[in-house]
Every structure is written in structure tokens, then in C-alpha cells.
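The structure appears below as C-alpha cells.
To find a chain, count down the sequence lines: A is the first, B the second, and so on, and within it residues start at 1.
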2 protein chains.
Amino acid sequence: MPADVTIYAVADLAGVGIATVSRVINGSPQVSPQTRGRVRQAIADLGYRPNRAACHLAGGRTRQARIAVLLPFFSAHFYFSVTKALAHELAGSPADLALYDIRDRSDKNRVLDRLLAERACDGLVLVGCSIGDQRCDQLERLGLPAVLIDRRHPRLPWVTIDNARGGRLMAEHLRTCGARRPGIIAGPDRAVALADRAAALDATLGGAPRETAAALESAAGAVATRELLERHPDLDALACVNDALAVGALEALRSIGRRVPDEVQVIGFDDQPFMDFIGLTTIRQPMATFGHWAGRSILTMITRPGQRPDDRLLPIHLVPRHTTRTPQEHSP
Amino acid sequence: MPADVTIYAVADLAGVGIATVSRVINGSPQVSPQTRGRVRQAIADLGYRPNRAACHLAGGRTRQARIAVLLPFFSAHFYFSVTKALAHELAGSPADLALYDIRDRSDKNRVLDRLLAERACDGLVLVGCSIGDQRCDQLERLGLPAVLIDRRHPRLPWVTIDNARGGRLMAEHLRTCGARRPGIIAGPDRAVALADRAAALDATLGGAPRETAAALESAAGAVATRELLERHPDLDALACVNDALAVGALEALRSIGRRVPDEVQVIGFDDQPFMDFIGLTTIRQPMATFGHWAGRSILTMITRPGQRPDDRLLPIHLVPRHTTRTPQEHSP
DNA sequence: CACTTGCCTGGAAGCGCTTCCAGTGCAGGC
DNA sequence: GCCTGCACTGGAAGCGCTTCCAGGCAAGTG
């Protein structure tokens with residue numbers, strides 16, 4: 001960042017007082033054109049940029065709240081829904097959103113360290129990731145409120161869905177629709193919500209074969225599906241921990257000529273856009289509500305310290321479509 | 001936001017000096033447990049929160065750059081690609097991203113007014129929207145760099161694609177594939193890039209019938225398509241200004257039983273995820289590059305004032321798939 | 001018992017800016 | 001020729017905090 005040029009340096013160079021420099025910067029009409037010109041020149045020569053903290057402090061502006069959102073750029077739709085809802089929830093308030101991409105744990109810690117050390121925010125929204133006890137202590141010391149989206153937490157308020165139940169719903173639906181030999185397409189482990197689904201799937205389906213996709217996109221889902229099917233050609237159903245992987249599975253099945261749902265059934269998770277058109281059976285989760293709740297909660301925590309918002313476990317729904325068969329009432 | 005409780009009020013209540021309060025807040029070990037307790041209590045009672053500007057100023061922290069990103073939450077994929085790329089570009093630098101949702105012109109002006117009045121940022125990225133001469137003057141006065149994504153500008157650096165050319169590409173492809181009576185599904189006017197495509201489409205297709213979707217999502221696209229087809233049942237092709245609308249069109253065509261591409265061809269724009277699977281013919285635009293360029297540019301403008309990055313017109317490509325027919329070499 | 005040694009604490013000096021207030025210089029009015 | 005008024009300018013007082021420095025006090029040392 002630019003060197004530490006202060007208003008004094010500018011004033012010196014222009015041969016005026018700092019008050020005058022300040023006036024020029026703030027567009028006061030009370031400055032003669034020549035002086036204004038000299039000051040402008042000096043500012044440009046020095047590459048001077050006002051120190052925002054000092055401006056705020058001296059100017060006594062309205063107190064601005066900054067909400068830092070830490071989230072992994074996993075899925076476009078999840079990311080979009082959550083941040084959009086957050087932004088809308090905060091739109092009326094004098095708070096704004098700062099976005100941080102968190103690729104892994106060290107990323108997260110680096111960002112948090114900086115954020116806390118520099119007091120760069122007044123509230124924290126953690127999406128799909130969590131923090132330990134020490135961090136919590138640190139936050140408490142700083143009086144920094146934090147909420148979690150898509151994860152539960154013993155000490156911090158959270159909003160999420162029951163991913164284990166989601167996994168069970170998927171498994172049961174597949175069974176009900178007559179699946180005998182289901183397989184699982186899981187996602188990278190660092191996505192905890194998806195890992196929970198996979199674990200529940202595993203448990204409910206009793207050790208079904210499983211393949212882990214390298215990323216949360218359809219191409220990776222297609223690769224994983226092909227590998228799984230190579231090892232287990234007799235699979236008649238695929239439970240995918242999210243919709244993107246499920247579309248990848250459909251892609252792979254189409255390319256090797258297996259009919260869906262007659263030969264292989266497929267179920268996803270999320271119900272993101274276009275799944276309707278594609279006809280994917282999936283579990284719908286209310287992503288926007290995550291953002292709304294988080295926005296409202298962090299705002300109350302900031303304005304009324306000490307008050308803790310209620311945790312929320314949001315409802316999920318099975319959305320049966322054409323990639324699974326009609327449920328059999330009395331399947332064994 | 002919380003009342004104006006300062007460190008002095010806390011010190012008074014706790015019966016200590018402000019230096020001690022500061023020590024407690026910053027976790028210095030140099031405070032006796034009883035004192036620490038009293039101060040903590042006073043902080044809680046008063047609901048005290050340190051003034052960030054003052055902390056920064058006194059602490060002499062690293063200068064932090066804030067980049068404000070103004071963007072309409074139009075399409076999940078566009079939004080995701082751009083902000084992700086921006087975030088990654090800025091990840092190494094000591095700059096962070098503040099996100100503002102811009103629904104309309106007044107929204108934009110409100111946000112800009114606040115941002116500038118409060119000196120809340122060091123750089124501006126405008127996505128899909130523009131600003132007038134007066135604003136530019138104001139930015140220059142404040143020495144605030146700004147770049148535009150998805151729009152051109154006479155005074156500010158920009159990155160975009162040639163949307164008019166994109167519209168022409170769509171129209172020509174449709175013609176080449178034998179379309180005789182094409183229709184246009186346009187988007188809401190406030191999305192200028194899409195309006196440019198629609199205008200070029202209009203011009204190239206010589207007054208083809210056209211319907212404007214109420215929103216940029218497939219449901220709206222389906223509605224628009226149904227209406228257009230009701231007025232013009234003989235249409236044999238649909239040019240949609242983005243992929244979501246195109247999927248809506250496919251939906252509508254499926255629901256009324258028109259075969260694609262035999263009876264009606266469809267072309268979209270963007271090439272977002274799943275379009276591959278759906279088989280939609282479309283125009284691909286490099287959204288991520290928008291974000292990368294913007295991030296790099298704004299960073300150089302901040303660090304080296306006066307230097308203006310080059311404008312960039314990025315390439316686009318036609319991606320022929322199954323919703324259009326095989327091109328006829330010598331179609332009239 | 002005088003004297004270090006530490007621990008804990010408060011006073012006060014800034015951090016870089018805005019803004020009030022008090023000039024300064026100069027034109028015009030008497 | 002002196003005063004008023006005006007346009008412009010600089011000095012200086014904070015804004016709320018961190019942190020250096022020095023002081024007070026109890027415990028430990030000779």
C-alpha cells in the first residue's frame with residue numbers, strides 16, 4: 001500500500017496549512033483557485049490518500065458496522081443464496097458486508113487473525129466452517145459477536161438443517177422406490193454438511209459402496225460415478241450429496257447408456273435452479289433463510305450485546321421428480 | 001447502533017484509568033484479576049464497544065484497503081464467478097471486499113453517497129452498472145479509483161464483452177441453422193448488457209417478435225415464452241438473452257409439446273453450469289476473467305495513483321449443442 | 001531497617017484528520 | 001485616511017484510543 005504520506009507533507013509541499021489541505025480535499029468553496037490548484041498538485045505528486053481512520057475519528061461520522069462473512073466458494077447457488085439474503089437483511093441497517101473466501105483451515109485462521117488483530121469488523125458470520133474454544137474466548141474478550149451458518153456450535157448461535165436426517169431421507173426414498181444396490185457419491189471432506197449427509201447415507205444404507213468426488217461440480221461427479229460403476233457395475237441407485245454431483249452422475253450414466261430411473265435411480269441434495277427442468281429428485285433446503293437468520297441475528301447481537309439469538313434447525317423436504325421411480329407403498 | 005460509550009465512561013464506572021481499560025480489552029497480562037473483573041463488568045454493563053477508527057489511528061495498524069463492489073444480484077452464476085475471481089485476486093493483498101446489492105439506480109446512488117461521504121472504501125468496482133460525469137468528478141476529487149465490469153465507460157477503466165456482437169452471433173447461428181421465424185426473449189431493461197444483446201438481436205433479425213421476461217430466471221422465461229408463442233404460434237426459433245431464460249423457454253416448449261430443435265430451436269447466452277448437460281446451445285463469456293481483471297486493475301490504481309489500466313474487451317464463443325440444428329453451409 | 005525488585009497502575013503524548021475561531025490582507029465606503 | 005466587510009488562511013483543540021513512562025506499593029534481599 002502507499003507510503004505514509006500525511007496531510008502535513010502535502011501542506012508543506014504546497015506551502016499552506018493543513019486546514020487548507022483539508023478544505024481542498026473536502027471540496028470547501030472557501031479556498032482560492034490558485035491555492036486549490038497548488039494543493040491538488042501536491043496531493044497528486046505525493047500520491048497522498050487520506051487516512052480513513054483519522055477521517056472517521058475527527059469527522060465523528062456515524063458509527064459503521066462491518067460484518068465479515070467467511071465462506072468457502074463451494075457451490076455457486078448456495079453461496080449466492082446466502083450472501084444475497086444476508087445483503088438484503090442488512091440493506092436497511094448501517095452495516096455492510098465484507099466477504100472472505102476460505103479455502104481451508106489455514107486460510108480461515110489467517111483471515112481471522114488479521115480480522116481480529118486489526119479490529120476490522122464488528123460481527124462475524126461463518127458459513128460452513130466452525131471455530132474452536134480458544135477462538136471463542138478471543139471473540140468474547142473482544143466482544144465480537146459471531147454466528148454460524150450450516151454448522152452447529154456449542155457456544156455460538158447457529159442456523160442449519162439436519163444433514164443427517166437429510167441423508168436418511170435420501171436413503172429411505174431410494175429404498176422405497178425399490179433400490180436394491182445403492183451407491184454413494186460423496187464430496188470432499190472439508191465440506192462438513194456434505195460429510196454429514198454422506199455419513200448418514202452410509203449408516204442407513206449399511207455399507208453401500210462409495211466414491212468421493214474431487215470437487216463439488218458436475219464434472220467431478222461424473223468422474224466419481226464412472227469409477228464407482230466400474231468397481232460396482234450392478235448398482236441400481238446413486239445417492240449424491242449435492243445436486244451438482246447428481247447432475248454429473250446423470251451425465252456419466254447417459255454417456256455409458258444406462259437409463260434413469262429404470263436401470264439406475266439418482267437423488268441429489270439442495271434443489272438448486274434447473275433441477276426442476278432436469279427432473280432431478282432431490283432434497284430442498286432453505287438456503288435464503290440461512291442468510292436472513294444470520295443477518296438478523298448478528299444485527300441484534302451487535303445492537304444488544306449479551307442477547308443471544310435462538311439456534312435454528314430449518315426444515316427440509318424431499319422433492320420427488322423423474323430420476324427416481326414411483327415409491328412402492330409396501331416395499332420390503 | 002450502540003450509544004456513544006467511550007473508554008472514559010468504562011474507566012469511571014470501574015474506578016480505574018483508561019490505560020487499564022485498554023489493557024483489559026487487549027488482553028494484556030499486566031492487570032490484576034480483580035481489576036480485570038471490574039473492568040469487564042463495567043464494559044458489559046455499559047455495552048461498550050471500542051471505536052474502530054480510534055483503535056486504528058492510535059494503534060498505527062497496517063493500512064487496510066477496502067474495495068467496495070456494487071452489483072445487482074442478477075444471476076447466481078455471474079455473481080458467483082465474478083466475486084470469486086475478485087476475492088481470489090485480492091486474497092494475497094491487504095485489501096478486502098465489501099459487497100453491496102444494487103437493485104436500482106436510487107439504490108446505487110444511496111450506497112455511493114454513503115460510501116463517499118464516509119470514506120468507507122479505497123476503491124470501487126461497479127458490476128453491470130455505470131456512473132455519470134458528476135460522480136466521476138467526485139471520485140477524482142476524492143482520489144478514489146473505480147473500474148467497471150460488464151459496461152464500458154468514457155472515463156473509467158472497464159472490462160466487458162461485445163454484447164452486440166454476441167447478439168449478432170446468436171442471430172446468425174439461428175439463421176445458419178435454418179431458422180425462418182425467430183422470436184426474442186429479452187430481459188428486464190435495467191440489465192444493460194442483456195439489453196444490448198436484445199437490441200443487436202432485434203437489428204439482425206429485422207424486427208422479430210419479442211417478449212420481455214419479468215426477471216432473469218427460468219420461470220419468467222417460461223412465462224414469456226408461452227406468451228410469445230401464443231401471439232406468434234409459427235415461431236421456429238427462440239433467442240434468449242441468457243441461459244436461465246433459455247431453460248425457461250425449453251420448459252415452456254416441453255410443456256406445450258413442441259420438439260426442440262426440430263420444431264423450435266433455442267439459443268441462450270452465458271454457458272453457465274449444467275447447460276452442457278441440458279444441451280443448450282449458447283454463447284460463452286469468460287466471467288471469471290471479469291473479476292480477475294477488476295481485482296488486478298483496482299489494486300494497481302490504488303498502489304500507483306495516476307496509472308490507468310487498459311480497458312479490455314474479452315472474447316466470446318459460440319457453443320453449439322443440441323437445442324439448435326446442424327448448421328447448413330449454404331443457407332440463403 | 002534501608003534498599004532493590006516486580007507488579008500494577010495512571011498520566012499524558014500522540015495517531016492523522018476536521019473544524020472552530022481568530023486572524024491577515026485587501027477592496028470598498030464614509 | 002480610517003473603518004467595515006469580505007475572502008481566504010493558519011493555529012489549535014479535540015475525536016477515542018494505544019502505549020510509553022514514571023510512580024506507588026508490597027514483597028524480597030542484605
For nucleotides 4-9 of chain D, 5' to 3', base contacts (B), sugar-phosphate-only contacts (S) and non-contacts (-) with protein non-hydrogen atoms under 4.0 Å give ----SB
Answer yes if the side chains of B:Arg135 and B:Gln138 hold a donor-acceptor pair under 3.5 Å, and no otherwise.
yes
Most 5' of B:Ala19 and B:Ala54 on DNA chain C, judged by nearest nucleotide
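Upstream on the strand: B:Ala19.
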Spell out, as yes or no, whether a donor-acceptor pair under 3.5 Å connects the side chain of A:Thr35 to the backbone of A:Val31.
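Pair absent, no side-chain N/O of A:Thr35 close to backbone of A:Val31.
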[X] has an atom [atom1]; how far is it from atom [atom2] of [N], in whole Å?
X	N	atom1	atom2	result
A:His56	C:dC15	NE2	C1'	16 Å
B:Ile18	D:dT18	CD1	P	9 Å
B:Tyr48	D:dG16	OH	P	10 Å
A:Ile7	D:dA12	CD1	C1'	14 Å
A:Gln34	C:dC26	CD	C1'	14 Å
A:Asn51	D:dC15	CG	C1'	13 Å
A:Tyr8	C:dG14	OH	P	11 Å
B:Leu57	C:dC15	CG	C1'	4 Å

Between B:Val69 and B:Leu124, does a side-chain contact (heavy atoms from CB on, under 4.5 Å) hold up when you go through it step by step?
CA-CA 6 Å; B:Val69 184; B:Leu124 228 47; over 6 Å; no
With a 4.0 Å cut-off, would you call [X] and [Y] a salt bridge?
X	Y	value
B:Arg152	B:Asp196	no
B:Arg110	B:Asp113	no
B:Lys84	A:Asp101	no

Return yes when atom CG of A:Asp310 has more than 12 non-hydrogen atoms of other residues, nucleotides or ligands closer than 6.0 Å, and no otherwise.
no
Counting neighbours of CZ on B:Arg114 that are heavy atoms of other residues, nucleotides or ligands and sit closer than 6.0 Å, is the number greater than 12?
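Correct, the count exceeds 12.
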Which side-chain N or O atoms in residues 10-24 of chain B pair as donor and acceptor under 3.5 Å with protein atoms at least two apart or in another chain?
| from | atom 1 | to | atom 2 | distance (Å) |
| --- | --- | --- | --- | --- |
| B:Ser22 | OG | B:Asn26 | ND2 | 3.4 |

Side chain of A:Thr6 - closest among C:dC17, C:dT18, D:dG16:
C:dC17
I want to verify a distance call: between C:dC17, D:dA12, D:dT18, whose nearest atom is closest to the A:Cys55 side chain?
C:dC17
Dot-bracket assigned to DNA chain D with the 3.5 Å Watson-Crick/G-U criterion, [ ] for crossing and | for other-strand pairs, is ||||||||||||||||||||||||||||||
